Participant: 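Have a look at this one before I ask anything.
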Amino acid sequence: MAKGLPSRSENYSEWYNELVKRADLADNSDVRGCMIIKPYGFAIWEKMQRALDDMFKETGHNNAYFPLFIPKSYLSKEASHVEGFAKECAVITHYRLKNDENGNGVVVDPEAKLEEELIVRPTSETAIWSTYKKWVQSYRDLPILLNQWANVVRWEMRTRIFLRTAEFLWQEGHTAHATRDEAVEETARMLDIYAKFAEEWMAVPVVKGRKTANERFAGAEDTLCIEALMQDGKALQAGTSHFLGQNFAKAFDVKFQSKEGSLEYVWGTSWGVSTRLMGALIMAHSDDQGLVLPPKLAPIHVVIVPIYKGDEQLEQIRQIITPLLNDLKAAGISIKFDDDDQARPGWKFAEYEMKGVPVRVAVGMRDLEQGLIEIARRDTLSKEQRPLEGSAQYIIDLLDEIQSSMHKKALNFREENTTEVNSWDDFTSQIEKGGFISAHWDGTPETEDKIKELTKATIRCIPFDGDACKGKCILTGKPSERRVLFAKAY
RNA sequence: CGGGGUGUAGCGUAGCCCGGUCAUCGCGUCUGCUUUGGGAGCAGAAGGUCGCAAGUUCGAAUCUUGCCACCCCGACCA
């Protein structure tokens, strides 16, 4: 008798942790801060990868692969980049083990010390720009539009499965351009792709905007981001796209000869999304019954649960349901007919709800006598009897309906939890309630730090859309050009 | 790195204050029968270095010390 999840209202973080495990998405590993992504969870990630990869390819990018290890010296070449990552790098110092003379298994062989220590990549800008130096001579070599799917390691103090793990999977795009404008344009283009992916595939509404200097990527001139709001009222950065200016080109001496013959530094961008998106997906939609998946990312769209006594009835149901199965498969719907005799229907219902399968079809003899099936949707937990006849098309439409309805619901939630605030008192009381707060800020890092210190809220972004009216800073009262978006963040 | 907590079967737990038939219970697993429309019932069975190490003691899951791991809160964090 498996019990339900802890409820979101009781203990949100426990709900999240339990859900991740119970829905078979991932496990903690024996290595602190690392995770084992289980087949079901990985299937969702693969769907994300596929959709994103297609969009990258459509915009002219190609995949490549750079090494996991980076020479320590590379990391020190771009000053602010080092500062940003130095504190969380794993370092390889030795290359050999040996048997312990005292018989305690293997130990590091002290004689196998590396001449130059290697860093496990926290991101690959340095490895890639040191290579671009070799690849770029002329304007004809540009642009380079490259992406890689990889794992990276950041030795975080405090980790949370999918949201912040010591090792995670991601894609990192790295492009090189002849002109500033082209790189700026690329930065925006990729942010748009991320936003489109979040909205249309994940059904997660996001705010596009620009990071403040405090929150900017170490080594970037400008960082654009998409920010999503989770059900507990905390914000989650779901993707970033950086305009690197000529910072890395200068650090790694990447120059090209222009059409006019002059020698110029290359302009760069980098952009990434990670397995953190899994966390966003979970926290944006799921409920106390378990995971809720948008159809476009669900590994199984439809599960059919037969309700029967004996093989004969099972066969009968199988035969009657086969045309529906075939029609759905032909339409590209992924479908599971669960004829496992070991588990009872009630158990299966709960199990597929936990795993977020968007549509469940239950078929028993009682329905079949009337030519009916029961169709249940995961997002609303509603169910209805429908005629078997024509149900394939009905289900195909229903999946679309679920996809857009989930997005609407999430958008609604975000709108209800986004508040305009004009006084410090309102700000502090509102920040306790959670959600996005749209407020004026005087534009200085000092004020942003002060607000963070007092309330734990940070500026998530300076949104591209929305109110650009002038006003007065919420803390200092100094003039402000426009409202920015505050929240407590993951 | 600071403050708090936890570590007992695959999972979740009782017992610890007060040392001695205390290794408890539930889920899961196995066997059999009955079941199958919202996490099945009954009967039986298997399963344990009580986180690790040292110490105190006739005797330690229980007391002492040290260590390790994990969780929560802080610090830290694109």
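Heavy-atom basis, side chains included; hydrogens, waters and symmetry copies ignored. The structure displayed is predicted, hence computed values, not measured ones.
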Participant: What salt bridge (Lys or Arg N to Asp or Glu O under 4.0 Å) pairs are there with at least one residue in residues 222-245 of chain A, not counting sequence neighbours?
Facilitator: R210(A)-D222(A), K211(A)-E227(A), E227(A)-R460(A)

Participant: Under a 4.0 Å heavy-atom cut-off, which of residues 221-229 of chain A touch RNA chain B?
Facilitator: none

Participant: If only side-chain N and O atoms count, and only distance matters, is there a donor-acceptor pair under 3.5 Å linking D442(A) with T444(A)?
Facilitator: yes

Participant: For K336(A), what residues pass the side-chain hydrogen bond (donor to acceptor under 3.5 Å, both in side chains) criterion, not counting sequence neighbours?
Facilitator: Y352(A)

Participant: Examine the side chains of T175(A) and T269(A) and answer whether a donor and an acceptor come within less than 3.5 Å of each other.
Facilitator: yes

Participant: Taking the side chain of R158(A) as heavy atoms from C-beta outward, which of G37(B), A75(B), U36(B) is closest to it?
Facilitator: A75(B)

Participant: Suppose you measure atom C1' in G59(B) against the same atom in G19(B); what distance do you get, rounded to whole Å?
Facilitator: 8 Å

Participant: Could you tell me how far apart Y12(A) (OH) and C71(B) (P) are, to the nearest whole angstrom?
Facilitator: 19 Å

Participant: Between C68(B) and U31(B), how far is it from one P atom to the other, in whole Å?
Facilitator: 44 Å

Participant: Taking atom P in both C18(B) and U62(B), compute the distance separating them and give it to the nearest angstrom.
Facilitator: 14 Å

Participant: In a table with atom names and distances, give each donor-acceptor pair under 3.5 Å that connects a side chain of residues 301-309 of chain A to protein atoms at least two apart or in another chain.
Facilitator:
| unit_1 | atom_1 | unit_2 | atom_2 | d |
| --- | --- | --- | --- | --- |
| H301(A) | ND1 | S334(A) | N | 2.8 |
| H301(A) | NE2 | P295(A) | O | 3.0 |
| Y308(A) | OH | D341(A) | OD1 | 3.0 |

Participant: In whole angstrom, what separates W347(A)'s CH2 from G39(B)'s P?
Facilitator: 13 Å

Participant: Closer than 4.0 angstrom, basic N to acidic O: yes or no for R8(A) and D288(A)?
Facilitator: yes

Participant: Given atom CG of D24(A) and atom P of C11(B), what is their separation to the nearest angstrom?
Facilitator: 15 Å

Participant: Tell me which residues in residues 443-463 of chain A lie within less than 4.0 Å of RNA chain B, going by non-hydrogen atoms.
Facilitator: K456(A)

Participant: Just jot down the side-chain hydrogen bond (donor to acceptor under 3.5 Å, both in side chains) partners of Q313(A), sequence neighbours excluded, or say none.
Facilitator: none

Participant: Could you state the atom-to-atom distance from CE of M365(A) to C1' of G37(B) in whole Å?
Facilitator: 13 Å

Participant: Return the value, rounded to whole Å, for the distance between atom CD of E353(A) and atom C1' of G39(B).
Facilitator: 10 Å

Participant: Please report the distance separating the P of C16(B) from the corresponding atom of A53(B), rounded so that it comes out in whole Å.
Facilitator: 24 Å

Participant: Applying a 4.0 Å non-hydrogen cut-off, can you work out what W271(A) is touching in the nucleic acid: base, sugar-phosphate, or nothing?
Facilitator: nothing

Participant: Quick one: which residue pairs count as a salt bridge (Lys or Arg N to Asp or Glu O under 4.0 Å) with a foot in residues 359-370 of chain A, not counting sequence neighbours?
Facilitator: E353(A)-R360(A), R360(A)-E374(A)

Participant: Specify the separation, in whole Å, of atom NZ of K21(A) and atom P of G10(B).
Facilitator: 18 Å

Participant: Test for a donor-acceptor pair under 3.5 Å between the base of G12(B) and the side chain of R22(A), counting only N and O atoms.
Facilitator: no

Participant: Does G38(B) have OP1 or OP2 sitting under 4.0 Å from an N or O in the side chain of K348(A)?
Facilitator: no

Participant: Could you name each residue pair satisfying side chain to side chain donor-acceptor pair (under 3.5 Å) that touches residues 79-88 of chain A, not counting sequence neighbours?
Facilitator: E78(A)-S80(A)

Participant: Please name all residues satisfying side chain to side chain contact (heavy atoms under 4.5 Å, CB included) with D192(A), sequence neighbours left out, ordered by chain then number.
Facilitator: K208(A)

Participant: Go through it in stages, so that I can follow the logic: the residues are W271(A) and F56(A), the test is ring-ring contact (aromatic ring centres under 6.0 Å, His included), and I'd like the CA-CA distance, side-chain angles, deciding distance and then a yes or no.
Facilitator: CA-CA 11 Å; W271(A) 26 274; F56(A) 299 157; 5.2 Å; yes

Participant: Send over the distance from E312(A) CD to U36(B) C1', rounded to a whole Å.
Facilitator: 16 Å

Participant: Roughly how many Å apart are U56(B) and C73(B), using the C1' atom of each and rounding to a whole number?
Facilitator: 36 Å

Participant: Calculate the interatomic distance between D288(A) atom CG and G38(B) atom P; express it in whole Å.
Facilitator: 21 Å

Participant: side-chain hydrogen bond (donor to acceptor under 3.5 Å, both in side chains) with T223(A): which residues, sequence neighbours excluded?
Facilitator: H242(A)

Participant: On the side chain of R164(A), is there an atom forming a donor-acceptor pair with the base of C77(B) - under 3.5 Å, no angle test?
Facilitator: yes

Participant: Does G39(B) have its OP1 or OP2 closer than 4.0 Å to a side-chain nitrogen or oxygen of R344(A)?
Facilitator: no

Participant: In chain order, what residues pass the side-chain hydrogen bond (donor to acceptor under 3.5 Å, both in side chains) check against Y40(A), with sequence neighbours excluded?
Facilitator: none

Participant: Hunt down any stem RNA chain B takes part in, defined as 3 or more consecutive Watson-Crick or G-U pairs whose two distances are each under 3.5 Å.
Facilitator: B:1-7 with B:68-74, B:10-12 with B:25-27, B:29-34 with B:40-45, B:51-55 with B:63-67

